[in-house]
Amino acid sequence: MSFLDPVKGFGVTFATMFKPVVTDDYPRKPAAPATRYHGRHQLNRHPDGLEKCVGCELCAWACPADAIFVEGADNTEQERYSPGERYGKNYQINYLRCIGCGLCIEACPTRALSMTNEYELADDDRQRLIYTKDMLLAPLQPGMEAPPHPLRLGDSKDYYARGPELLAQQGSGPAESGAAGEPGAAGQQGTAGQRQEGDA
Amino acid sequence: MTLANKPASGPDNAAEPEQPPVPEGHVRLTIDGIEVIAPKGELVIRAAERLGIAIPRFCDHPLLEPVGACRQCLVEVEMGGKPMPKPQASCTQTVADGMVVKTQLTSPVAEKAQRGNLEFLLLNHPLDCPVCDKGGECPLQNQTMADGSASSRLIDEKRLFEKPIAISTEILLDRERCVLCQRCTRFSDQIAGDKFIDLLERGSGQQIGIGVDAAGEVPFQSYFSGNTIQICPVGALTSADYRFRARPFDLVSSRSVCEHCAGGDAVRTDHRRGEIMRRLAWNDPEVNEEWISDKCRFAFTYVTTDRLTTPLVRRDGVLAPASWTDAVTAAAAGLEKARDARGVGVLAGGRLTASDAYAYAKFARVALRSNDIDFRARYGSDEELAFLAGYLPTLTGPNAVRYADLESAPTVVLVAFEPEEESPTVFLRLRKAVRKNGTAVHAVAPLRSRGLGKLSGTLVKALPGDEAGALDQLPELDETAIVLVGERAAQSPGLLTAVAELARRRGARLAWIPRRAGEVGSALAGAAPTLLPGGRLVADPAAREELEKHWGAPVPDRPGRNGEQIIDALVGGELSGVVVGGVDPGDLPDPAKALAALEAADFVVSLEQRLTAVTDRADVVLPIAAVPEKSGAFVDWEGRVRPFDAALGKTGAMEDGRVLDTIGVEMDVDLYTQSALAAQTELERVWRAIARPAQALPAGRHEGVLAKGAEAVRQLLDKLPGRHRGLTLASWRMLLDGGTLLIGEPHLAGTAKPDVVLLAAGAAAERGIEAGQQVSVTGPAGSLTLPAQILPDTEMLTDVVWLPGRVDGVSTSVRLGATVGAQVHVEPAAQQAQPGGPR
Ligand code: SF4
Ligand code: SF4
Ligand code: SF4
Ligand code: FES
């Protein structure tokens with residue numbers, strides 16, 4: 001053991017002191033994740049506010065973590081939530097289970113389900129981490145009307161066959177993914193460790 | 001014989017003549033290079049199945065006649081070394097000697113044909129699997145995923161239909177999804193006999209639609225329509241009830257037994273998170289095959305409707321929730337007091353499992369020290385009990401009638417029994433017998449019902465109450481004949497005795513088929529005033545002694561009161577208390593008196609699932625489990641034990657047997673019925689020890705008892721001439737008539753048959769009544785107005801009027817104050833609309 005050994009040991013420490021910091025200043029300045037980051041889910045809407053989800057449960061079927069619970073129901077002419085016959089009456093995602101893999105997004109046949117960049121999904125209460133349909137639904141944009149309401153943009157088929165066109169007609173619709181309507185998600189890039197720290 | 005490729009054996013010993021000989025009536029053929037011996041007439045698709053070769057198919061169904069409609073099962077066939085020019089449908093092709101079949105596994109031709117056909121079937125298919133109820137368990141989806149091509153060459157618009165259309169309130173049809181396999185139409189035609197769904201139009205416009213009969217009218221709803229949903233190989237047929245509620249992977253399937261009739265149908269209960277989503281027929285070839293009635297399929301909402309979850313105890317005149325401990329203690333104390341005063345009776349109800357019925361039977365004898373117990377929540381006579389004492393032992397004997405026997409019997413006689421309404425599974429088996437084996441069905445009844453028409457049966461006209469007299473008009477029966485007698489026989493004095501006597505004399509076999517699922521089991525378990533478990537008589541000292549050995553407790557020797565007598569005794573103050581199982585007073589012959597009896601009783605314990613007229617008058621109410629929440633066993637009409645496990649296991653609801661056992665403990669007696677398993681084991685042990693299985697019915701003890709009531713009826717009739725004369729009331733309960741187990745199911749209720757008054761043409765003409773006209777039927781207590789339906793005089797007695805057994809939830813005999821066989825007055829209704837009209 002040479003007497004220089006402690007200096008060598010501290011060498012790493014001292015050298016690091018002069019390198020740029022890699023840690024984030026969370027929660028004061030949360031980092032913005034990459035746009036394709038797998039954050040909290042969102043249930044999207046058609047341009048007139050009807051829900052895109054048809055309650056098919058394919059997302060629940062695809063989910064490897066069994067995090068999603070869906071119950072479908074029948075649309076009626078008096079009470080319509082989505083174009084077509086079926087809508088998702090009960091929709092829940094359990095964020096204690098979700099591993100953020102995004103397989104549900106791939107499974108969704110209507111693009112009803114997408115992921116936002118919101119990553120602050122920590123809490124000290126189990127119940128609050130089971131997101132229900134009202135928490136997951138995309139906020140109403142201008143020109144949208146909260147369902148139930150009748151088809152405003154043609155018949156059921158038009159909603160699927162002429163989606164982009166209808167969107168253009170209706171003005172600015174909701175983005176299907178990305179950070180639209182997610183003010184809390186802006187900031188630094190999140191990692192699991194930092195999120196815990198942020199909550200502590 | 002050319003058996004070119006014989007893979008297993010080597011080339012050198014292929015030439016050796018060591019092939020086993022083909023048995024008589026069989027042929028030898030080769031499928032995919034495997035040699036198989038098949039009975040003549042077998043379909044190639046079945047022979048392949050036995051080898052484990054699955055040929056894709058849609059229209060083929062083992063219980064329906066082959067049609068070859070979907071063309072999915074194409075295979076290459078070679079006969080005598082020459083290939084047939086085109087691929088053949090293996091579901092219509094029968095086997096032949098020396099045939100060489102190549103399926104998709106070995107033949108590229110068959111493979112291509114099948115792939116092409118799949119593409120063809122999908123041409124107009126909407127591919128809306130995400131919103132289709134069949135998605136996840138759909139043969140079309142599965143086969144497309146497995147073997148279909150990934151894209152379609154169709155560039156035109158698909159054919160569109162309005163989706164969905166309602167075949168009935170329960171069955172919805174989405175024609176876009178249909179592959180025109182005709183399973184549903186063949187079912188309606190061949191199995192149910194109701195043409196409620198039919199193939200319409202031609203060519204590309206061909207579609208399935210609502211069937212119309214020869215007269216161009218939409219015929220009655222079918223009680224069996226739900227089966228088409230199950231056999232439809234795509235999602236074209238769905239139920240209003242299950243629509244969009246779950247996906248196959250959400251469901252936990254439990255094997256259960258239907259609680260709605262004495263048929264013992266095996267069902268599959270599919271549940272999600274503790275709630276039943278749907279029920280399907282389970283394939284049980286010996287019992288229900290693959291069919292169940294719509295009641296069995298759809299009537300399960302009662303399980304979650306208005307259920308009682310906590311015990312209730314009456315304090316200061318008010319029923320208030322109480323803990324189980326308090327309620328059981330109160331029940332035990334009250335029952336002990338009542339027993340020591342003037343005694344306690346037990347009305348057990350006919351829907352109990354055998355183990356629960358046994359618990360009631362033992363509770364009455366051991367804890368209440370009385371034989372006052374009756375399982376019959378309906379009209380029941382003492383003659384019936386005497387008949388059962390002779391009949392029950394034959395159920396375990398070698399001559400018991402089974403479903404398969406119905407199928408092979410050349411003659412079946414129905415006495416006071418309307419199978420379509422009262423035991424639908426028996427009806428389907430009879431229909432199969434008639435279609436397949438030409439079984440002759442004779443019904444001793446006042447009229448030729450639609451059900452009898454579907455059985456191509458012959459009517460032996462009998463005045464209600466005088467069926468015994470009409471038995472003479474039956475054709476000569478021999479030992480191959482089967483006589484089926486219904487629970488309504490008890491309403492006709494002397495009939496059961498006469499039927500038993502007839503069967504005994506001619507050596508014909510006899511089966512008693514009650515309506516409710518629990519009746520045979522209850523009778524066998526001894527939940528009757530004169531019967532002990534094992535079908536032995538209370539009056540038999542040896543039987544009592546044997547039972548005492550098993551129970552370790554004295555068995556009371558005084559013969560018990562039957563249900564009616566229990567009610568009379570309560571009203572008259574001869575009994576102090578009563579324990580009521582799931583009995584709806586509306587089912588009893590005299591509901592008002594039954595309610596008065598409950599009011600008169602000092603102490604009433606009610607074991608119920610929900611608040612009823614009985615719980616309103618009870619001192620202690622104990623909530624009990626519904627059938628899907630408990631395990632147990634029903635004994636079907638054949639005497640076959642039909643055990644089942646709880647489908648919904650974790651509700652915490654307790655079965656009757658356990659509740660009674662707990663009360664028993666508080667009363668210092670041990671029933672050993674704390675679980676269904678324990679009760680069943682003990683019942684079986686007791687049964688084995690004391691029952692005496694019988695070969696045949698004993699000689700009639702009541703020989704010579706004749707229909708005295710009917711005699712009086714006839715005399716009365718003779719006195720009154722012409723149109724002022726009353727008509728004799730005939731009536732039976734319909735399958736769907738708003739009974740207790742049908743609550744919470746509007747879609748199913750919508751498929752009930754419309755309530756009508758049935759009249760013979762002669763009687764109608766006499767009174768100036770035309771078909772469809774509103775008719776009032778008046779008895780001493782009141783009247784009922786319904787539209788008339790008129791049958792030709794050849795199909796109905798002219799001095800009879802028929803009414804449904806229950807209209808708008810009220811028993812017809814109660815409403816009119818007239819029992820079956822009594823005189824009622826029939827006339828065209830006054831103009832204004834009356835309550836109790838068609839629903
Ligand atoms: S992201 Fe993955 S784990 Fe999370 S809900 Fe979707 S499928 Fe399930
Ligand atoms: S989110 Fe998509 S996949 Fe999930 S139920 Fe709704 S439509 Fe189906
Ligand atoms: S409705 Fe179903 S069962 Fe009937 S023909 Fe169409 S596919 Fe076959
Ligand atoms: S299964 Fe053979 S033609 Fe349909």
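Labels below follow one simple rule: chain letters A, B, ... track the order of the sequence lines, proteins then strands, and each chain is numbered from 1.
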Could you walk me through whether A/H38 and A/C101 pass the side chain to side chain contact (heavy atoms under 4.5 Å, CB included) check? CA-CA 7 Å; A/H38 287 186; A/C101 65; 5.7 Å; no
Given that the side chain runs from C-beta out, which part of B/R247 has a heavy atom under 4.5 Å from chain A: side chain, backbone, both or neither?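 Both backbone and side chain.
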I'd like to know if the side chain of B/H271 pairs up with that of B/S254 as donor and acceptor (distance under 3.5 Å, no hydrogens or angles considered). yes
Whether the A/S114 and A/N44 side chains hold a donor-acceptor pair (N or O, under 3.5 Å, no angle test) is what I'd like checked. yes
With sequence neighbours left out, write down each residue that passes side-chain hydrogen bond (donor to acceptor under 3.5 Å, both in side chains) with A/Y131, or none if nothing qualifies. none
Below 6.0 angstrom between ring centroids: does that apply to A/Y160 and A/H46?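 Ring centroids of A/Y160 and A/H46 are less than 6.0 Å from each other.
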Distance-only, no hydrogens or angles: does the A/S82 side chain make a donor-acceptor pair with backbone N or O of A/R86 under 3.5 Å?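 Yes; judged by distance alone, with no hydrogens or angles, the pair exists.
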Report, in residue-number order, which members of residues 166-185 of chain B are under 4.5 Å from chain A by heavy-atom distance. B/D174, B/R177
